[in-house]
Amino acid sequence: MAEKPRFRWHIVVFLAPAVLVYTAVMIYPLFNTLRLSLFTEVDQSRVYVGLQNFRTLFGDAVWSTQFWNALGNNFWFFIIHMLVQNPIGIALAAILSHPKLRFAAFYRSAIFIPTILSFVIVGFAWKLILSPIWGIAPGMLDAVGLKSLYAPWLGKEEYALTTLSLVSVWQFVGIPMMLIYAALLSIPDEILEAAEVEGITGLSAFWKIKLPLILPSIGIISILTFVANFNAFDLIYAAQGALAGPDFSTDILGTFMYRTFFGFQLQLGDPHMGSTIASAMFAIILVGVCLYLFGIQSRMRRYQF
Amino acid sequence: MNAARQNRFNTFAAHGALILYTLIALFPVFIIVINSFKDRRSIFREPLALPNAESFSMIGYETVLKQGDFFLYFQNSMIVTVGSLFFILLFGAMAAFALAEYRFKGNTLMGLYLALGIMIPIRIGTVAILEMMVQTGLVNTLWALILVYTAQGSPLAVFILSEFMRQVSDDLKNAGRIDGLSEYRIFFRLVLPLVRPAMATVAVFNMIPIWNDLWFPLILAPAEEVKTLTLGSQVFIGQFVTDWNAVLSALSLAILPVLALYVIFSRQLIRGITSGAVK
């Protein structure tokens, strides 16, 4: 065994393809985008300008109004998901996880169907259903005597963003439902039986026993929701177009970045300002993920069964 | 009140809530599909009615199939999805094997480096990705999309697959080594077949987001001959906004393939999620 250990080439061969593609197509462009945000174009050549683009984004009145508008809308989008999507998902999972419930597999599969549809389908389908021209929504409200509540929600500035958030909630409720369902199934029966002996059943068993045990999963869902929401684009683009109408009331960071990068109508596309917005998005997502990892996850007690 | 009656009431309430939500989930899809089979007048007059002999019409589908090149779009989506899944699974499994099987310097670091990509969305790098694809001439090719989706899907694939590969018995691999099998053969002949269920889970997780993505086809491959079905239907519907028959039929045509995939793979998908593959 005096022979020196040979270099194990096979490890390199196994790792190389994934690491190369990942580095070249994901990590390198990510940092390159951050770098590009420090440049601008003057006379068709790239000039280093330091933090000038960020100063424009936050300091220039036209840019900063758009940015804060998009960021504010994005927070509202996220809040609706946290307040509506995740509680509904948890409630559905709690009902589904009842051991003696019949047809559970059917309900589970059916409720998950919207999640597999593309944003294009979801955006247009809801646009048609809510449209005053087709009249499905007003007709149905009329049938229950609430016709006066109807408004062309997607066309009104004050309702459009909330309506789209709820459409997105409709689409993605399946994900928290499935993840919480999985977490609830993994709670051992002995714990629930012990609680039952103590007289804790039904709803109080859910609040006192199950909910504390699935808190880590709720944390994961929250951070997944956060990353997905601050990276959203498709639904708004499919339903309202790149201008995120009416009057930018549904503009979020994804559509703002797309418009800036590619240009629209009279404004020319600007890759450097696009990178600047992307960098801001990166910072926001990074802050959120770090808050979760160091602030929430590390403090949460994990129960080992 | 006795417990039995209380129980029956609870069951009733549970089914009521679930049926209500199932209706909410399926109603829009149902409305779109039934109306795509009606003529224009009935779409507006009785949107909630099923198509009958009088209102039945395929005019929307005829327009769609005449105007849009949906077979080409479908084919492009198929190539992109299958191609990306192939590379995600192959490259992901190889890297996962290296990380799970061998001890070497930088193993943990490499694992962390790859795990970064699970949380950070690849879209942030879009500006530089487009620039790179333009420079390499890959823009408006399906390869651009396949590369991006492979990069995007690999981190989670490595993470999930390496968990599973740690469970493959060492005795089996060592027996192979004694028989003189090379490390490559051990991987392809012994280990890969054993983690097939995990590979299926990874495939199902990646399939739907890739098929449904609008952002990268829009930016990297908007040309007519490389349009995916998602982008193709988006553009088509945008052009035919006033032709309700055509729009409803195009939506139904876009729903059907995903629905078919879901029916085929839903057990795998649900088992994958509930077995804790994404914890």
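Note: hydrogens, waters and symmetry copies are ignored here, and every other heavy atom, side chains too, is used. First the proteins, then the strands, lettered A, B, ... as listed; each starts at 1.
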### Message
Can you give me the closest heavy-atom contact between B/A128 and A/P29, atom names plus distance?
### Response
CB-O, 3.3 Å

### Task
Find the distance between CZ (A/R108) and CG (B/L18) and round it off to the nearest 0.5 Å.
11.5 Å

#### Entry: Interface moiety of B/V29 toward chain A, non-hydrogen atoms closer than 4.5 Å
side chain

### Query
Looking at A/G139, A/P271, A/S109, A/A125, which makes the most heavy-atom pairs under 4.5 Å with chain B?
A/S109

### Message
As an exercise: rank B/I32, B/L231, B/L90, B/L261 by heavy-atom pairs under 4.5 Å with chain A and give me the winner.
### Response
B/I32

### Query
If we ignore angles and hydrogens, is there a donor and acceptor under 3.5 Å between the side chains of B/T126 and A/Y258?
no

### Message
Return the CD1 to CZ distance between B/I219 and A/F262, rounded to the nearest 0.5 Å.
### Response
4.5 Å

### Task
Measure A/I277 against the heavy atoms of chain B and call it side chain, backbone, both or neither at under 4.5 Å.
neither

### Message
Quick check on A/I111 against chain B: is it the side chain, the backbone, both or neither that has a heavy atom closer than 4.5 Å?
### Response
both

### Summary
Ranking B/I124, B/T22, B/I208 by heavy-atom pairs under 4.5 Å to chain A gives rank one to B/I124

### Query
Near B/W215 CH2, under 6.0 Å, is it more than 12 heavy atoms from other residues, nucleotides or ligands?
yes

### Message
Could you tell me if the side chain of A/F119 sits less than 4.5 Å from the side chain of B/T230, heavy atoms only?
### Response
no

### Task
Return yes when atom OH of A/Y28 has more than 12 non-hydrogen atoms of other residues, nucleotides or ligands closer than 6.0 Å, and no otherwise.
no

### Query
Side chain, backbone, both or neither: which part of A/V12 has a heavy atom under 4.5 Å from chain B?
neither

### Task
Give the member of B/L259, B/V158, B/L99, B/V263 that has the highest number of heavy-atom pairs under 4.5 Å with chain A.
B/L259

### Summary
Between B/E183 and A/F14 the two heavy atoms that sit nearest each other are O-CZ, 3.8 Å

#### Entry: Value rounded to 0.5 Å, distance of NE2 in B/H15 from CZ in A/R102
7.0 Å

### Query
Taking side chain as C-beta onward, heavy atoms only, is B/T150 less than 4.5 Å from A/V25?
no

### Query
Counting only heavy atoms not in A/R8, do more than 12 fall under 6.0 Å of its CZ?
yes

### Summary
Residue from B/L130, B/V247, B/T11, B/I88 scoring the most non-hydrogen pairs under 4.5 Å with chain A is B/L130

### Query
Where do A/Y22 and B/P155 come nearest, in terms of heavy atoms and distance?
CE1-CG, 3.5 Å

### Query
Does any N or O in the side chain of A/W170 come within less than 3.5 Å of the main-chain N or O of B/I24, such that one atom is a donor and the other an acceptor?
yes

### Task
Apply side-chain contact (heavy atoms from CB on, under 4.5 Å) to the pair A/M26 and B/L116, showing each step before the final yes or no.
CA-CA 10 Å; A/M26 184 155 177; B/L116 264 183; over 6 Å; no

### Query
For B/L112, does the CG atom sit with more than 12 other heavy atoms under 6.0 Å from it, leaving out its own atoms?
yes

### Message
Using a 3.5 Å distance criterion without hydrogens, assess whether the side chain of B/N212 forms a donor-acceptor pair with backbone atoms of A/I116.
### Response
yes

### Distance-minimising heavy-atom pair for A/A238 and B/Q234
CA-NE2, 4.4 Å

### Message
As a quick check of understanding, evaluate side-chain contact (heavy atoms from CB on, under 4.5 Å) for A/I133 and B/F44, giving each step before the final call.
### Response
CA-CA 8 Å; A/I133 303 172; B/F44 285 98; 3.9 Å; yes

### Task
Mind listing the closest non-hydrogen atom pair of A/H10 and B/Y184 along with its distance?
CA-OH, 3.3 Å

### Query
chain B heavy atoms under 4.5 Å from A/T260: which part of the residue, side chain, backbone, both or neither?
neither

### Task
Name the option with the most non-hydrogen atom pairs under 4.5 Å to chain B; the candidates are A/I223, A/L128, A/L20, A/V289.
A/L128

### Message
Do A/F233 and B/L218 make a side-chain contact, defined as non-hydrogen atoms from C-beta onward lying under 4.5 Å apart?
### Response
yes

### Task
Let me know if A/A24 has heavy atoms under 4.5 Å from chain B in its side chain, its backbone, both or neither.
backbone

### Message
With a 4.5 angstrom heavy-atom cut-off, is it the side chain or the backbone of B/M207 that approaches chain A, or both, or neither?
### Response
neither

### Summary
In terms of heavy-atom pairs under 4.5 Å with chain B, the winner among A/L30, A/I95, A/I11, A/N32 is A/I11

### Summary
Interface check, chain A: of B/F104, B/F87, B/F27, B/W244, most non-hydrogen pairs under 4.5 Å belong to B/W244

#### Entry: Nearest heavy-atom neighbours spanning B/V127 and A/F261
CA-CZ, 3.7 Å

#### Entry: Contact origin within A/F31 toward chain B - heavy atom pairs under 4.5 Å
neither

### A/S118 and B/L214, any side-chain heavy atoms less than 4.5 Å apart
no

### Message
For a side-chain contact (heavy atoms from CB on, under 4.5 Å) check, start with the C-alpha distance between A/L293 and B/M119, then their side-chain angles and the critical distance, and finish with the verdict.
### Response
CA-CA 11 Å; A/L293 286 180; B/M119 270 299 171; over 6 Å; no

### Query
Between A/L286, A/I285, A/I175, A/I136, which shows the greatest number of heavy-atom pairs under 4.5 Å with chain B?
A/I136

### Query
Between B/L248, B/I43, B/L48, which residue shows the highest count of heavy-atom pairs closer than 4.5 Å to chain A?
B/I43

### Query
Is there a ring-ring contact (aromatic ring centres under 6.0 Å, His included) between A/Y107 and B/Y21 once you walk through the steps?
CA-CA 9 Å; A/Y107 291 128; B/Y21 200 85; over 10 Å; no

### Message
Can you tell me which portion of B/N35 sits under 4.5 Å from chain A's heavy atoms? Options are side chain, backbone, both or neither.
### Response
side chain

### Message
Within the structure provided, determine whether B/P28 and A/W126 are in side-chain contact (heavy-atom separation under 4.5 Å).
### Response
yes

### Task
Tell me, with the steps shown, if A/R35 and B/E131 meet salt bridge (Lys or Arg N to Asp or Glu O under 4.0 Å).
CA-CA 13 Å; A/R35 190 183 67 90; B/E131 196 165 88; 5.6 Å; no

### Query
Should A/L15 and B/F97 be marked as a side-chain contact (heavy atoms from CB on, under 4.5 Å) after you check the CA-CA gap, both sets of side-chain angles, and the distance that decides it?
CA-CA 9 Å; A/L15 276 173; B/F97 182 69; over 6 Å; no

